[in-house]
Undergrad: 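Sharing a structure with you now.
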Amino acid sequence: MKTLSKLSAAIVTSTLLVACGSDSDSSSDSETTAQQGQVKNLILMIGDGMGAQQVGLLEEYARRAPANAAQVGQVTGLQRLAEGGALGLSMTAPMGANPGLVVDSACSATQLATGQGSISEAVGLDDQGNKVETILEKAKKMGKATGLITDTRLTHATPAGFASHRPHRSMENEIAEDLLDAGVDVLLGGGSRHWAPAVDDFAALAAELNAPTHVIKKSKRSADDDRNLFMEAKSAGYALAFDRAQMNAVTSGKLLGLFDDSAMNDGIEYTQCKKAGTAEAGSKCADEPSLKEMTKKALDILSQDPDGFFLMVEGGQIDWAGHINDTGWLLHEMLKFDEAVQAVHEWAAERDDTLVVVTADHETGGFGMAYHKHDIPAAKTLPGDGMVNGDGSARDYQPQYNFGALATLDKIYAQERSFYDILSAVNGDWDFSNSQAADWVAEVNASLHQDFHIDTESGERIAARYEVPAEDVHPEHKYLSATNIPKFNDFSDFYVYADEDTGALIAREIAHKQSVTWGNGTHTAAPVPVYAFGPEAITKQFSTMQHHTDVGQKMIKALIGE
């Protein structure tokens, strides 16, 4: 956005706000401005789990990955927002009467949505458990259009925090009902299993809905729950979409798009779909729209509302890659999310009525790129006149540590399967109590760049399990025996998802080859970036150290005027 246009918008907005506060008669334009606040539209984009280090990985790859010549020197969507707007940091921890040091997505999304402190694992509730009106609900009350987009489940914690009020994020069946009751105009993502009734024949249900069978294949609703939320949505005026073509056919009105029974294509799958080009009809590559495509569709529909709109877009699998300590998957998720950011920047670039905010709910995994002592580069001669010893003799360049080669970025990008898929290839039920070193060597080496391949000794460490009493096994975990606990020699208390934490053991075996470290399998309290793009008088408020409750309040004030 041009500086002159932003400045002009700020002056005009300020003038209108002053006029609306006077006792004299105001023009209809001034009255509208007073009702709408300082901007007509607000687009919030949340990279779930995206800390500064995750952004750093994206930027390093986009700018300096040597084998990816088309990408070198590319300006990311995030960088475009930073160049044309403001950049700050935000702390994320639970605030209020029941505070904590580290946040989960439900609490963080709620704090962003309400501008108030909240409690861990609850959605749409304040620090005492009271229901709080969210920015989406406030926008709806003002007559604005609203939308929620995610590449995970629509009923997952982050979308839920904007349109649901429940004591726990796991109540996804009820959250689906809340999203319909809230009347969100555009709902796009995965998670059909929480909308589908528990029927005997899902193939027949898919045929009835004209949906791919990989989208309608199961239900998480109880057998005595006969609610069919698809039909309820249709009765409420929603057009239903279960693939890209159906979504593209909808040009206005309300839209509910569900494109997978759980999460949509992960970042690696999405990259492979793009490279494959034309895909077989009925495949996930052919059927599933991208996060970018869903975002552009939502903008097309929501922008038709003369009162403006609120839209939240989540790149939700950045977090999932962080939980399992998967750097390759993480990079592809960041690239997928940034595509959507690019699309939003293109849409908003020449507008003066729109605020774009991009942030994260928290950082996941304690991710970082680090130097180390393995494979220290050989000495080499440099031509500079400073390469001399104290006695004047020539001295070769010989660092004491390995600071990481740029070619590592391309090797990370070359990963062909996520750790999730590697785990599933070793055992479809994720029961690794009897897995063997050879199983892990075969599947890891079939998925990662050859320079990241592991040997039998590494495979044995990945296969190692703890023996624990059966009563100590958490009932919600998917592993099948008390012996299926990954054996960590460090920070074991910070790996709480035993069935998937085996991925972190893979990460440890290739860490020095990738110049990457991971600190845990959960979240950290690291401050996260905040990008703000729009009228300068508004965006400059985000260029500071703040808390997510502050970010929420600033967004509400900008859009609603409260």
Side-chain angles (χ1 to χ4, degrees), residues 43-59 61-62 76-82 90 92 104-106 108-109 112-113 147-162 186-191 257 259-260 262-271 273-274 288-299 311-324 326-347 356-365 367 418 420 523 528-531 533 548:
I43 305 167
L44 171 62
M45 306 188 75
I46 299 175
D48 195 322
M50 183 185 74
Q53 292 271 41
Q54 283 82 351
V55 172
L57 175 64
L58 168 69
E59 295 291 346
Y61 177 78
T76 64
L78 291 176
Q79 179 63 17
R80 293 185 191 279
L81 292 184
S90 186
T92 62
D104 84 305
S105 293
S108 188
L112 285 170
L148 295 172
I149 297 174
T150 183
D151 55 6
T152 64
R153 298 187 295 276
L154 274 170
T155 51
H156 216 249
T158 300
F162 290 84
V186 175
L187 291 163
L188 301 173
F259 307 108
D260 204 289
S262 184
M264 297 177 65
N265 283 331
D266 67 43
I268 295 176
E269 291 170 330
Y270 173 58
T271 296
C273 286
K274 287 198 301 179
E288 284 199 6
S290 67
L291 190 64
K292 174 183 176 179
E293 290 170 325
M294 292 190 294
T295 299
K296 292 179 72 172
K297 172 56 66 175
L299 290 173
L311 172 64
M312 192 286 294
V313 179
E314 181 198 22
Q317 296 187 53
I318 300 168
D319 172 70
W320 293 11
H323 278 296
I324 203 167
D326 188 340
T327 305
W329 181 12
L330 169 63
L331 174 57
H332 286 269
E333 290 301 334
M334 289 297 301
L335 289 163
K336 181 174 70 173
F337 180 65
D338 193 69
E339 272 194 356
V341 175
Q342 291 270 21
V344 168
H345 176 266
E346 291 172 7
W347 188 89
V356 179
V357 176
V358 182
T359 189
D361 44 2
H362 50 73
E363 191 277 340
T364 301
F367 169 75
S418 72
Y420 268 15
H523 301 167
V528 297
V530 180
Y531 299 80
F533 183 85
H548 267 11

Undergrad: Any idea which heavy atoms bring G47 and I318 closest together, and the distance?
TA: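 That would be CA-CD1, 3.9 Å.
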Undergrad: Go through the side-chain N and O atoms of S105 and D48 and say whether any donor and acceptor fall under 3.5 Å apart.
TA: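 The criterion, which ignores hydrogens and geometry beyond distance, is satisfied for D48 and S105.
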Undergrad: Sequence neighbours excluded, which residues qualify as side chain to side chain contact (heavy atoms under 4.5 Å, CB included) partners of E293?
TA: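 E293 satisfies side chain to side chain contact (heavy atoms under 4.5 Å, CB included) with R244, M247, P289, S290 only.
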Undergrad: In chain order, what residues pass the side chain to side chain contact (heavy atoms under 4.5 Å, CB included) check against H332, with sequence neighbours excluded?
TA: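 Testing H332 for side chain to side chain contact (heavy atoms under 4.5 Å, CB included), a comparison that skips the adjacent residues, returns I268, T271, Y413.
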Undergrad: Return the minimal non-hydrogen interatomic distance between G51 and P529, and the atom names on each side.
TA: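 Shortest heavy-atom contact: C-CD, 4.0 Å.
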Undergrad: List the residues meeting side-chain hydrogen bond (donor to acceptor under 3.5 Å, both in side chains) with T359, not counting sequence neighbours, and say none if there are none.
TA: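 Once residues adjacent in sequence are excluded, T359 has no partner under the side-chain hydrogen bond (donor to acceptor under 3.5 Å, both in side chains) criterion.
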Undergrad: Output all residues satisfying side-chain hydrogen bond (donor to acceptor under 3.5 Å, both in side chains) with W329, sequence neighbours left out; order by chain, then residue number.
TA: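 Result, side-chain hydrogen bond (donor to acceptor under 3.5 Å, both in side chains) vs W329: E333.
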Undergrad: Can you tell me if D361 uses its side chain to pair, donor with acceptor, with the backbone of G49 under 3.5 Å?
TA: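 Yes, D361 side chain to G49 backbone: donor-acceptor pair under 3.5 Å.
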Undergrad: Please find the pair of heavy atoms, one from F337 and one from V313, that lie closest to each other, and give the distance.
TA: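 Scanning both residues, the minimum pair turns out to be CE1-O, 4.4 Å.
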Undergrad: With sequence neighbours left out, what residues match E314 under salt bridge (Lys or Arg N to Asp or Glu O under 4.0 Å)?
TA: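 Per chain and number, E314 pairs via salt bridge (Lys or Arg N to Asp or Glu O under 4.0 Å) with no residue.
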Undergrad: Between the main-chain N or O of H548 and the side-chain N or O of S90, is there a donor-acceptor pair closer than 3.5 Å?
TA: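 Side chain of S90 to backbone of H548, a donor-acceptor pair under 3.5 Å: yes, one is there.
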Undergrad: List in chain and number order the residues that pass salt bridge (Lys or Arg N to Asp or Glu O under 4.0 Å) with D266, two or more places apart in sequence or in another chain; answer none if no residue qualifies.
TA: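 For D266, no residue satisfies salt bridge (Lys or Arg N to Asp or Glu O under 4.0 Å) once neighbours in sequence are set aside.
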Undergrad: Which pair of heavy atoms, one from A343 and one from K292, lies closest together, and at what distance?
TA: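 A343 and K292 have their closest heavy atoms at CB-CG, 4.0 Å.
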Undergrad: I'd like to check the side-chain hydrogen bond (donor to acceptor under 3.5 Å, both in side chains) partners of Q79; sequence neighbours left out, ordered by chain and number.
TA: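 With neighbours one apart ignored, the set is R63, E83.
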Undergrad: Quick one: side chain to side chain contact (heavy atoms under 4.5 Å, CB included) partners of A106, sequence neighbours excluded?
TA: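 Here the qualifying residues are D104, V123, A157, R169.
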Undergrad: List the steps and the verdict of side chain to side chain contact (heavy atoms under 4.5 Å, CB included) for L44 and F162.
TA: CA-CA 11 Å; L44 171 62; F162 290 84; 3.5 Å; yes
Undergrad: Can you tell if the side chain of D319 reaches within under 4.5 Å of the side chain of H323, non-hydrogen atoms only?
TA: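 Side-chain contact under 4.5 Å: yes.
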Undergrad: Identify which one of T327, L330, L331, V528 satisfies the side chain to side chain contact (heavy atoms under 4.5 Å, CB included) criterion when paired with Q54.
TA: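 Going through the options one by one, the only one that passes is L330.
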Undergrad: Answer yes or no: is there a side-chain heavy-atom contact under 4.5 Å between T158 and T150?
TA: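 They are not in side-chain contact.
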Undergrad: What pair of heavy atoms forms the shortest contact from L148 to L154, and how long is it?
TA: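 In this case the closest contact between L148 and L154 is O-CD2, 3.8 Å.
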Undergrad: Can you spot which of L58, T76, L57 makes a side chain to side chain contact (heavy atoms under 4.5 Å, CB included) with M334?
TA: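 Among L58, T76, L57, the one meeting side chain to side chain contact (heavy atoms under 4.5 Å, CB included) with M334 is L58.
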Undergrad: I'd like to check the ring-ring contact (aromatic ring centres under 6.0 Å, His included) partners of H362; sequence neighbours left out, ordered by chain and number.
TA: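 Scan of H362 (ring-ring contact (aromatic ring centres under 6.0 Å, His included), adjacent residues dropped) gives H523.
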Undergrad: Test of understanding: with salt bridge (Lys or Arg N to Asp or Glu O under 4.0 Å), list the residues that count as partners of D151, not counting sequence neighbours.
TA: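 Residues passing salt bridge (Lys or Arg N to Asp or Glu O under 4.0 Å) with D151: K336.
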Undergrad: So, using ring-ring contact (aromatic ring centres under 6.0 Å, His included) as the criterion, who are the partners of F367 when residues are at least two apart?
TA: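 Partners of F367 under the ring-ring contact (aromatic ring centres under 6.0 Å, His included) test: W518.
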Undergrad: For E363, which residues count as a salt bridge (Lys or Arg N to Asp or Glu O under 4.0 Å) partner, sequence neighbours excluded?
TA: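 With sequence neighbours excluded, E363 shows a salt bridge (Lys or Arg N to Asp or Glu O under 4.0 Å) to no residue whatsoever.
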Undergrad: We want to know whether E339 and Y270 form a side-chain donor-acceptor pair, criterion being a heavy-atom distance below 3.5 angstrom.
TA: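 Yes, because at least one side-chain N or O of E339 sits under 3.5 Å from a partner of the opposite role on Y270.
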